[in-house]
Amino acid sequence: ALAERTNLAGVRHILLVLSGKGGVGKSTLSTELALALRSAGKRVGILDVDLCGPSIPRMLRVQDSAVHQCDSGWVPVFVGQDKAIALMSIGFLLERPDDAVVWRGPKKNALIKQFVTDVAWGELDFLIVDTPPGTSDEHISTVEALRPYRLLGAVLVTTPQ
């Protein structure tokens, strides 16, 4: 459990982006939030656990990147010329970025837990977690996995209908 503690040890604040339904702009908001924090001089990471539609790699134009392993886990993809945003997404692990992920609960939950514990984030001011739509098992898994760490809070994205 020591490695688990160390991979998020350098992350000062964790922010979950949630919504009750799909298509409300969670990934867009997560991306814009990361860009705004970066332009304010913060070190930012994005953890894209939206297993059904990992769109952040495409939004940040890094969809062709690959993730590599290092001693302390997966190395996130660094975005932009200044490499100031670290991104980890299930999109990097799929054969084709448009593949839908059809997995049952336990496998999804194990992957989310692995994403939380096995990514070598280094020092970050903010880690933004883009979650799947709804209020499913994945959210419980994400929150459970993040519980030992300092959660800053959550942004709930809603639409008027």
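The chain is numbered in sequence order, starting from 1. Predicted model, so just to flag it, every value in this text is computed and none were measured.
Leu15 is listed as a side-chain neighbour of Leu33, based on a closest heavy-atom distance under 4.5 Å. The shortest distance between side-chain heavy atoms of Ile56 and Leu87 falls below 4.5 Å. Side-chain contact between Phe78 and Ile85 is absent, with no heavy-atom pair separated by less than 4.5 Å. Counting heavy atoms from C-beta outward, Leu18 and Val157 have side chains that stay 4.5 Å or more apart. In this structure the side chain of Val67 never reaches within 4.5 angstrom of the side chain of Pro76, judged on heavy atoms.
At least one donor-acceptor pair closer than 3.5 Å links the side chain of Asp125 to the backbone N or O of Arg43. Using a distance-only test at 3.5 Å, with no hydrogens or angles considered, a donor-acceptor pair links the side chain of Asn7 to the main chain of Ser72. No side-chain donor-acceptor contact under 3.5 Å links Ser27 to the backbone of Ser55.
Across all non-hydrogen atoms, the minimal contact from Asp48 to Pro57 is OD2-CD, 3.7 Å. A pairwise comparison of heavy atoms in Leu47 and Leu127 identifies N-CD1, 4.0 Å as the closest pair.
Thr31 contributes atom OG1, which lies 8.5 Å from atom CD1 of Ile128 (distance to the nearest 0.5 angstrom). Of the inter-residue distances, the one linking Met59 atom CE with Glu32 atom CD reads 9.0 Å to the nearest 0.5 angstrom. Distance CD1/Ile46 to CE/Met88: 13.0 Å, rounded to 0.5 Å. Here the NZ-CZ distance, from Lys42 to Phe126, works out to 6.0 Å after rounding to the nearest 0.5 Å.
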- [ ] Evaluate ring-ring contact (aromatic ring centres under 6.0 Å, His included) for Phe115 paired with Trp74, printing each intermediate quantity in order.
- [x] CA-CA 9 Å; Phe115 262 30; Trp74 282 329; 5.4 Å; yes

- [ ] Take Val17 and Thr131 through the test side-chain contact (heavy atoms from CB on, under 4.5 Å) and record every step on the way to the result.
- [x] CA-CA 6 Å; Val17 178; Thr131 66; 5.7 Å; no

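Linking Ile, Leu, Val, Met, Phe, Trp and Tyr residues whenever their side-chain heavy atoms come within less than 4.5 Å places Ile14 and Trp121 in a single cluster. Val119 is not connected to Val75 by any chain of hydrophobic side-chain contacts under 4.5 Å among Ile, Leu, Val, Met, Phe, Trp and Tyr, and they are in different clusters.
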